[in-house]
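Here's the structure, in structure tokens; my notes come after.
Because the structure is predicted, anything quoted here is derived from the model rather than measured. Chain identifiers are assigned alphabetically (A, B, ...) following the order of the sequence lines, protein sequences preceding nucleic acid strands; residue numbering begins at 1 within each chain.
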Protein chains: 2
Amino acid sequence: MRDLAEIQEMLRSAGLKATHQRLVIMSIVMKMTNHPSVDQIYGEVRKDHPSISLATVYKTVETFVENGLLSKVATREGQMRYDPRLDNHGHIYCGNTKELLDFYDDELNELIIDFFKNRKVNNLKIKNITVRINGDKIDPSKDVIIK
Amino acid sequence: MRDLAEIQEMLRSAGLKATHQRLVIMSIVMKMTNHPSVDQIYGEVRKDHPSISLATVYKTVETFVENGLLSKVATREGQMRYDPRLDNHGHIYCGNTKELLDFYDDELNELIIDFFKNRKVNNLKIKNITVRINGDKIDPSKDVIIK
DNA sequence: CTATTTGCAAATAATTTGCAGCTGG
DNA sequence: CCAGCTGCAAATTATTTGCAAATAG
């Protein structure tokens with residue numbers, strides 16, 4: 001768990017004012033592991049800080065994305081989710097539970113990087129390449145585990 | 001270009017009534033190569049068939065997706081697009097032009113299938129695995145080519 | 001002090017719904 | 001004929017915007 005001073009520093013070095021609202025929102029998003037939607041973030045925020053508005057949550061997470069502090073992912077159904085992890089990773093999307101899960105696999109990353117070294121993609125400046133596994137959880141009360 | 005009789009047959013064998021609206025919409029989606037949005041489909045539809053309503057286009061493409069005649073993909077920004085191709089393929093998304101392009105690469109498919117043979121994904125019924133390349137077109141007037 | 005940021009309420013955009021009337025088989 | 005489909009308009013949902021008041025640095 002990161003403390004507020006650290007988040008404050010993170011915001012400053014991104015050139016953003018470290019407002020109360022931003023500190024609250026960032027610390028909550030970092031606590032929520034599973035790619036929350038704006039509504040879910042707002043739901044958490046309002047518990048302790050009911051005066052922070054929904055519009056502020058929208059504006060704030062968008063600011064974070066623009067400044068590279070969060071990334072933004074669409075689910076298969078087009079709902080936007082926010083992810084505090086910025087490094088290269090894949091996603092697992094469970095259509096039945098609507099969960100969007102990170103998955104890390106260096107071997108897969110390497111495989112894909114190697115693959116595209118041998119292909120030439122013309123007229124495109126690649127920002128990133130992601131692998132997404134879509135499926136349904138068999139037992140919704142248990143976790144998905146890759147090994 | 002597929003003819004109407006063929007589409008009619010396709011609808012019937014999916015257990016759907018071959019209505020005028022469905023024939024028009026399906027033939028237009030099959031003509032549009034680059035993953036149209038509902039609005040883009042509606043834009044084409046109304047040229048020749050101004051009496052077909054937007055709501056009908058929404059309902060119809062959704063019916064097609066439910067019956068496996070089209071697939072539905074969200075762009076990185078969460079906009080829904082419809083794709084007449086159902087086989088396994090990757091997507092290239094150009095952030096600047098908002099184009100969503102199919103890309104076929106058997107070698108990559110095979111690589112990924114092999115990779116997941118050696119991984120065990122527990123508690124998930126996998127529906128599909130897709131690779132998405134996100135980037136920006138360098139020259140928006142030219143095509144992206146992979147070779 | 002002042003450029004940014006916030007909260008509110010209203011605006012916009014995308015999609016869904018209820019229901020009466022139409023139509024394919 | 002009649003279950004399923006369509007068109008319309010209204011409802012819902014998600015997100016954005018304009019602007020006056022608040023505030024970080």
Handout entry: Separation of D:dA14 P from A:Tyr82 OH (nearest whole Å)
Key = 13 Å
Problem - Lys/Arg N to Asp/Glu carboxylate O, B:Asp87 vs B:Arg85, below 4.0 Å - result: yes
Practice task
May I have the distance from B:Met80 (atom CE) to D:dT15 (atom P), rounded to whole angstrom?
Solution key: 13 Å
Problem - Atom-to-atom span, NZ of B:Lys17 to P of D:dG4 - whole angstrom - result: 7 Å
Exercise for the section: Measure from the side-chain heavy atoms of A:Ala18 and tell me the nearest of D:dG25, D:dT6, D:dC5. Expected result: D:dG25
Handout entry: Electrostatic pair A:Lys127-B:Asp136, nearest N-O below 4.0 angstrom
Key = yes
Problem - Inter-axis angle, terminal five-pair segments of the helix from C:dC1-D:dG25 to C:dG25-D:dC1 [nearest 10°] - result: 40°
Completion exercise
Separation between CG (B:Leu69) and CG (B:Leu11), nearest 0.5 Å, reads 6.5 Å
Practice task
Let me know which of B:Arg81, B:Glu77, B:Arg76 forms a side-chain hydrogen bond (donor to acceptor under 3.5 Å, both in side chains) with B:Gln79.
Solution key: B:Arg81
Problem - Nearest-Å distance for atom pair CD/C1', residues B:Glu77 and D:dT15 - result: 14 Å
Fill in the blank from the handout: Minimal heavy-atom distance between B:Leu86 and B:Gly68, with the atoms involved, is CD1-O, 3.1 Å
Handout entry: Reported CD-to-CG distance for the pair B:Glu99 and B:Asp143, which is rounded to 0.5 angstrom
Key = 7.5 Å
Problem - Separation of B:Leu4 CG from B:Met10 CE (nearest 0.5 Å) - result: 11.5 Å
Practice task
Take atom CZ of A:Arg81 and atom P of D:dT15, then tell me their distance rounded to the nearest Å.
Solution key: 11 Å
Exercise for the section: Send over the distance from B:His20 NE2 to D:dG4 C1', rounded to a whole Å. Expected result: 17 Å
Problem - B:Ile126 with A:Phe103, same ILVMFWY side-chain cluster at under 4.5 Å - result: yes
Fill in the blank from the handout: When B:Gln8 and B:Asp39 are each assigned the nearest nucleotide of DNA chain C, the 5'-most assignment goes to B:Asp39
Practice task
Please state how far atom CG in A:Leu16 lies from atom P in D:dG25, giving the value in whole angstrom units.
Solution key: 10 Å
Exercise for the section: Taking only the side-chain nitrogens and oxygens of A:Gln21, find out if one of them lies under 4.0 Å from OP1 or OP2 of D:dA22. Expected result: no
Handout entry: Interface with DNA chain C, restricted to residues 45-57 of chain A and to heavy atoms under 4.0 Å
Key = A:Ser51, A:Ile52, A:Ser53, A:Ala55, A:Thr56
Practice task
For the residue pair A:His89 and A:Tyr104, categorise the inter-ring angle as parallel (less than 30°), tilted (30 to 60°) or perpendicular (more than 60°).
Solution key: tilted
Problem - Where chain B begins and ends its contact with DNA chain C, read 5' to 3' at 4.0 Å from heavy atoms - result: C:dA14 to C:dG25
Exercise for the section: Take the protein atom CD1 of B:Ile25 and the nucleotide atom C1' of D:dT6, then report the distance between them rounded to whole Å. Expected result: 10 Å
Handout entry: No-hydrogen, no-angle side-chain donor-acceptor test under 3.5 Å, A:Tyr82 and A:Glu62
Key = yes
Practice task
May I have the step-by-step check of salt bridge (Lys or Arg N to Asp or Glu O under 4.0 Å) for B:Glu107 and A:Arg119, ending in yes or no?
Solution key: CA-CA 11 Å; B:Glu107 206 180 311; A:Arg119 289 286 182 281; 2.9 Å; yes
Handout entry: Under 3.5 Å donor-acceptor pair, B:Lys59 side-chain atoms to D:dG4 base atoms
Key = no
